[in-house]
Amino acid sequence: KGVRPLNKELKKKMRGILLERYGVDIDEAVCRFSTQNYAFIFSEKPYMIRVSISPKKSRKEILSELMWVDDLKPFKQTICEPNESLNGILLEEFEIDGVLYRASMFRTARGNIKPTTEMKPMFFICVGDLLGTIHHVSTNERELGIQYGRKRMKDTFGELKNRVAVNMTPEIEKRIHAIQQEVDNLPEELGRYGICHGDFHINNFFVEENNIWLFDFDGCTYAHYLYDVASFVQACFLMGYKAGEDCRKVLYEDILPYFKTGYELNKDCDEHYWEHLELFIAYRVAMAYMSLLEIDECGVVDNLEQIRQFLGYIISQDDVLDAMTAALKKRGTSNEK
């Protein structure tokens, strides 16, 4: 189950603790909640506070995330790094009614989410440049033997599939299992596999002219780098980029050529680097679909059942880009009606 909305009593208790630890009042913030965290976002302030529930993320996992973000900062100034509390601590821990919480403060991004109607070639080049830098650093760290205490995507995927299998049709479960096996059989090669952002999509970075300010590293994980690329591509389509057009054509003619231009400025790629991208788009859709099966409430969207059905149709088909094209056209027709 995901994180629940804050009730008045819990918010009052959390407010007092966070005011003491960080000197800021969460009554002045907008509270968002996802499957694992509360995020307190302060208007016009250069910071936000994230609060995780202990069973959702271990101390080791969160500290590893903060360490990696701090390691990335020298290579890209638009990484939204963590800030210390008033006690000089990056990870504050506290207990309320027998439940352990872990809080961190992060610098917030400049700019805003880029509307899909304003996505131009330079946008894709800049996004590629950012992600290529991250994967370049990850490759170098793996070569040096640096390890962070984060899970592997294949383990997270498998555990999630086992938990929600009872809620899937046999056809969808079979299809997802086939995708899982194909990804799991890929070699974890240096230069193609390492620690990734894990949730790299257009709602997790802000755009300020040609600067891309990246945040929400909560899902960072060891995975094939193409998973991050697939996350971005999927989000562009599902948020309406080139709505009504053929997704495969848009991917290979409007997104990928420019994205690769920026990405390959920083990340070495051989001629076979991109050949499994469509597989990872399917893998990402499967991950999103299964994640939504596990929750019944989310503070980000309010039409969970419609999204589940939408993603369920896409992942049930053999060709994910063709299925996405059909599903998006159908959604567009329904919206017009």
Return yes when atom OH of Y258 has more than 12 non-hydrogen atoms of other residues, nucleotides or ligands closer than 6.0 Å, and no otherwise.
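Check fails, neighbour count at 12 or below.
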
Inspect the surroundings of CG in D184 and state if more than 12 heavy atoms from other residues, nucleotides or ligands are less than 6.0 Å away.
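Yes, enclosed.
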
Ring-ring centroid check [X] [Y], cutoff 6.0 Å:
X    : Y    : result
Y225 : Y273 : no
W274 : F280 : no
F200 : F205 : yes

Please determine whether ring-ring contact (aromatic ring centres under 6.0 Å, His included) holds for the pair Y283 and F157, giving the CA-CA distance in whole Å, both sets of side-chain angles, and the decisive distance to 0.1 Å.
CA-CA 9 Å; Y283 192 73; F157 191 100; 4.3 Å; yes

When you check the gap from the basic side-chain N to the acidic O, do K13 and E9 get nearer than 4.0 Å?
yes

Salt bridge or not for K249 and D254, using N-O below 4.0 Å?
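Salt bridge: no.
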
Test salt bridge (Lys or Arg N to Asp or Glu O under 4.0 Å) applied to D129 - qualifying residues, sequence neighbours left out:
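Scan of D129 (salt bridge (Lys or Arg N to Asp or Glu O under 4.0 Å), adjacent residues dropped) gives K76.
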
Considering residues at least two apart in sequence or located in another chain, which fulfil the salt bridge (Lys or Arg N to Asp or Glu O under 4.0 Å) criterion with R175?
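R175: no salt bridge (Lys or Arg N to Asp or Glu O under 4.0 Å) contacts found.
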
K174/E171 under salt bridge (Lys or Arg N to Asp or Glu O under 4.0 Å): CA gap, chis, key distance, verdict
CA-CA 5 Å; K174 182 179 179 181; E171 293 76 17; over 6 Å; no

Enumerate the side-chain hydrogen bond (donor to acceptor under 3.5 Å, both in side chains) contacts for residues 149-159, please, sequence neighbours excluded, ordered by first and then second residue.
R152-E188

Which residue pairs pass the side-chain hydrogen bond (donor to acceptor under 3.5 Å, both in side chains) test when at least one of the two sits in residues 230-244, sequence neighbours left out?
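Applying side-chain hydrogen bond (donor to acceptor under 3.5 Å, both in side chains) to every pair that reaches into residues 230-244, excluding sequence neighbours, yields S231-R284.
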
Tell me yes or no: between the side chains of [X] and [Y], is some donor less than 3.5 Å from an acceptor?
X    : Y    : answer
T78  : N211 : no
Y148 : E65  : no
E92  : N87  : yes

Of the options Y47, F206, F217, W213, which is the one that meets C80 in a side-chain contact (heavy atoms from CB on, under 4.5 Å)?
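Option passing the side-chain contact (heavy atoms from CB on, under 4.5 Å) with C80: W213.
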
Taking side-chain contact (heavy atoms from CB on, under 4.5 Å) as the criterion, tell me which of L66, D216, I49 meets it with F106.
L66

Do the numbers put R21 on top of the ring of F94, so that NZ or CZ is under 6.0 Å from the six-membered ring centre and no more than 45° off the axis?
no

Whether T139 side chain and R192 backbone form a donor-acceptor pair below 3.5 Å
no

Looking only at atom types and distance, does a side-chain atom of H224 sit under 3.5 Å from a main-chain N or O of L226, one as donor and one as acceptor?
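It does not hold such a pair.
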
To the nearest 0.5 Å, what is the distance between [atom1] on [X] and [atom2] on [Y]?
X    : Y    : atom1 : atom2 : answer
L90  : N83  : CG    : CG    : 8.5 Å
R59  : L91  : CZ    : CG    : 5.5 Å
C247 : E278 : SG    : CD    : 10.5 Å

Find out whether I89 and E84 are in side-chain contact, i.e. whether some heavy atom of one side chain is under 4.5 Å from a heavy atom of the other.
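No; the side chains remain at least 4.5 Å from each other.
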
Return each pair, listed once, that meets salt bridge (Lys or Arg N to Asp or Glu O under 4.0 Å) where at least one residue sits in residues 104-123; pairs must be two or more places apart or across chains.
E81-R107

Contacts of type side chain to side chain contact (heavy atoms under 4.5 Å, CB included), residue L86, not counting sequence neighbours:
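Result, side chain to side chain contact (heavy atoms under 4.5 Å, CB included) vs L86: none returned.
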
